[in-house]
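Okay, so here's the structure we're looking at.
Below, chain A is the first sequence line, B the second, and so on; all start at residue 1.
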2 protein chains.
Amino acid sequence: MDSLRQFTHRLRRRDRRITGPRQAILETLRAQEHPLAIRQIHDALHEPCDLATVYRAMHMLEDMGMVKRFDFGDGTARFELIAEGDDGHHHHLICRNCATVVEIEECFSKKLEQRIANQNGFTALTHKLEFFGLCPTCQ
Amino acid sequence: MDSLRQFTHRLRRRDRRITGPRQAILETLRAQEHPLAIRQIHDALHEPCDLATVYRAMHMLEDMGMVKRFDFGDGTARFELIAEGDDGHHHHLICRNCATVVEIEECFSKKLEQRIANQNGFTALTHKLEFFGLCPTCQ
DNA sequence: TCCTTTTTGCAAATAATTTGCAACTACTAA
DNA sequence: TTAGTAGTTGCAAATTATTTGCAAAAAGGA
Ligand SMILES: [Mn+2]
Ligand SMILES: [Mn+2]
Ligand SMILES: [Zn+2]
Ligand SMILES: [Zn+2]
């Protein structure tokens with residue numbers, strides 16, 4: 001996925017600018033397969049920029065649907081680059097001890113969510129789901 | 001559920017004290033069926049105490065297994081009183097617009113969690129799951 | 001009632017995230 | 001190429017949730 005080119009296009013269309021920090025952040029995200037915290041992204045940048053700039057960039061990327069925000073329950077947002085056209089919905093398995101992360105593609109059946117929506121008269125359901133456990137090393 | 005008496009017993013056993021703030025917090029939690037944020041608990045107390053006291057009390061109650069902490073993804077912890085012996089594991093359906101909360105007892109099959117554990121060599125799995133949608137009023 | 005240990009209130013410290021603002025820069029229209 | 005304009009950035013200060021140090025106050029047992 002050439003997200004850099006794709007990114008450029010999307011930005012231009014929205015009257016946004018392609019700047020050094022933004023490209024660097026994208027490169028950093030591309031190099032990772034797991035969600036990264038803002039601090040981690042910031043620390044990984046070769047040509048550093050202000051932390052606030054990273055925060056602002058992540059909001060922008062999220063609004064553009066290029067990154068997905070995840071919440072592991074530790075009070076720190078984490079972001080993962082998502083493929084073009086994908087909504088990025090998936091889950092993780094996190095070691096309670098060493099914080100190792102495993103990407104999980106599986107999810108429970110759509111029926112459960114549908115039933116919950118119907119039974120309560122809600123629409124447009126989504127969900128947040130993360131698994132926790134002890135990894136092989138930490139058991 | 002007479003959580004006050006139960007509470008008293010458990011505290012005594014642990015060399016902890018039964019104080020006004022603690023009883024008041026328990027009473028407040030008992031009056032609610034949905035998770036309450038610390039601020040909400042604090043504001044609901046008839047005889048007010050310091051916010052820090054509420055934070056400390058919630059940690060204690062959590063350690064004692066009397067309340068369960070929930071995370072709706074808005075950066076604010078919420079707590080719900082749980083029945084004796086129960087681990088309090090359950091989920092919620094939250095309106096993205098007005099924040100109405102519905103208690104959800106259903107959960108996906110144990111098999112899915114088991115499979116995820118096995119496939120990755122993890123043990124002691126748990127999960128956090130919350131549903132979001134638009135309530136009848138907000139659609 | 002007295003003593004010891006636990007709690008509390010208060011203020012200050014943390015930590016993640018946001019925001020105001022002036023200086024700066026990417027694009028673009030000429 | 002060169003302004004001109006709108007979008008960006010750095011920096012410092014503000015916000016928000018939560019934690020913590022500490023001395024004064026309260027609880028429970030002897
Ligand atoms: Mn992922
Ligand atoms: Mn609940
Ligand atoms: Zn581990
Ligand atoms: Zn609603």
Side-chain angles (χ1 to χ4, degrees), chain A residues 4-5 7-28 35-64 66-80 99, chain B residues 4-5 7-28 35-64 66-80 99:
Chain A
L4 198 60
R5 188 123 312 148
F7 172 65
T8 303
H9 277 172
R10 291 220 234 173
L11 283 188
R12 288 247 165 73
R13 225 177 296 148
R14 292 225 210 164
D15 218 12
R16 289 279 135 81
R17 287 164 191 183
I18 296 143
T19 67
R22 286 170 179 180
Q23 292 181 58
I25 288 167
L26 271 186
E27 286 311 316
T28 301
L36 283 181
I38 298 263
R39 179 64 55 86
Q40 294 179 297
I41 297 171
H42 181 255
D43 292 350
L45 298 175
H46 279 91
E47 36 173 304
C49 70
D50 195 84
L51 241 194
T53 298
V54 185
Y55 276 103
R56 285 190 274 233
M58 297 321 293
H59 275 297
M60 195 204 65
L61 291 170
E62 190 181 12
D63 291 346
M64 292 187 30
M66 296 195 61
V67 300
K68 176 99 178 162
R69 176 188 298 258
F70 289 98
D71 177 5
F72 288 180
D74 65 348
T76 311
R78 278 159 223 268
F79 300 86
E80 207 171 295
Chain B
L4 198 59
R5 188 120 315 148
F7 173 63
T8 303
H9 275 174
R10 293 220 232 173
L11 283 188
R12 289 245 165 75
R13 223 177 298 147
R14 292 226 211 163
D15 217 12
R16 288 278 136 78
R17 288 164 190 184
I18 296 144
T19 67
R22 286 171 179 179
Q23 292 180 60
I25 289 167
L26 270 185
E27 287 311 315
T28 301
L36 282 181
I38 298 261
R39 179 63 57 86
Q40 294 178 297
I41 297 171
H42 181 256
D43 292 350
L45 298 176
H46 280 90
E47 36 173 303
C49 71
D50 195 83
L51 242 195
T53 299
V54 185
Y55 275 102
R56 286 189 274 232
M58 297 321 292
H59 275 298
M60 195 205 65
L61 291 169
E62 191 181 11
D63 290 346
M64 292 187 26
M66 297 196 61
V67 301
K68 176 100 177 160
R69 176 189 299 259
F70 290 97
D71 177 6
F72 288 0
D74 64 350
T76 311
R78 278 158 223 269
F79 300 85
E80 207 171 292

> How many angstroms lie between CG in Leu45(B) and CG in Asp50(B), if you round to the nearest 0.5 Å?
Replying inline: 11.0 Å
> The side chain of Thr19(A) lies closest to which of these nucleotides: dA17(D), dT9(D), dT7(C)?
Replying inline: dT9(D)
> Given atom CD of Gln23(B) and atom P of dT8(C), what is their separation to the nearest angstrom?
Replying inline: 11 Å
>> What is the distance, to the nearest angstrom, from the CZ atom on Arg78(A) to the P atom on dA15(C)?
In response: 15 Å
> Would you call Arg69(A)-Glu62(A) a salt bridge at under 4.0 Å N-O?
Replying inline: yes
> Starting at CG of Asp74(A) and ending at C1' of dT14(C), how long is that distance when rounded to a whole Å?
Replying inline: 15 Å
> Base, sugar-phosphate, or nothing for Ala52(B), non-hydrogen atoms under 4.0 angstrom?
Replying inline: base
>> Output the rounded distance in Å from CG (Asp71(A)) to C1' (dA16(C)).
In response: 12 Å
>> On the nucleotide dT18(D), are OP1 or OP2 found under 4.0 Å from the side-chain N or O atoms that Tyr55(B) carries?
In response: yes
>> Need one value for Arg16(A): base, sugar-phosphate or nothing, where a base atom within 4.0 Å counts as base even if backbone is also close, heavy atoms only.
In response: sugar-phosphate
> Across the strands shown, which category fits Arg56(B) at heavy-atom distances under 4.0 angstrom: base, sugar-phosphate, nothing?
Replying inline: base
> Rounded to the nearest 0.5 Å, how far apart are CE of Met58(B) and CG of Asp63(B)?
Replying inline: 11.0 Å
> Is any side-chain N or O of Arg39(B) closer than 4.0 Å to OP1 or OP2 of dA17(D)?
Replying inline: yes
> Can you tell me how far P of dC24(C) sits from CD1 of Ile18(A), to the nearest Å?
Replying inline: 23 Å
> When you measure from the side chain of Arg17(A), which nucleotide among dT8(C), dA27(D), dT5(D) comes out closest?
Replying inline: dT5(D)
> NA contact type, His42(A), heavy-atom cut-off 4.0 Å: base, sugar-phosphate, or nothing?
Replying inline: nothing
>> Rounding to an integer number of Å, can you tell me how far Asp50(B) CG sits from dA26(D) C1'?
In response: 16 Å
> Could you give the CZ-to-C1' distance, from Arg12(A) to dG7(D), as a whole number of Å?
Replying inline: 14 Å
> dT19(D), dT17(C), dT18(C): which one has an atom nearest the side-chain heavy atoms of His59(A)?
Replying inline: dT18(C)
> Where the side chain of Thr76(B) is concerned, which of dT18(D), dA11(C), dT19(C) is the nearest nucleotide?
Replying inline: dT18(D)
>> Between His42(A) and Cys49(A) (side chain of the first, backbone of the second, donor and acceptor by atom type, cut-off under 3.5 Å), is there such a pair?
In response: yes
> Under 4.0 Å: is that the gap between some side-chain N or O of Thr53(B) and OP1 or OP2 of dG9(C)?
Replying inline: yes
> Given atom CZ of Arg13(A) and atom C1' of dC27(C), what is their separation to the nearest angstrom?
Replying inline: 17 Å
> Is any side-chain heavy atom of Phe79(B) less than 4.5 Å from a side-chain heavy atom of Leu36(B)?
Replying inline: no
>> Using the side-chain heavy atoms of Leu51(A), tell me which of these nucleotides is nearest: dG10(D), dT19(D), dT17(C).
In response: dT17(C)
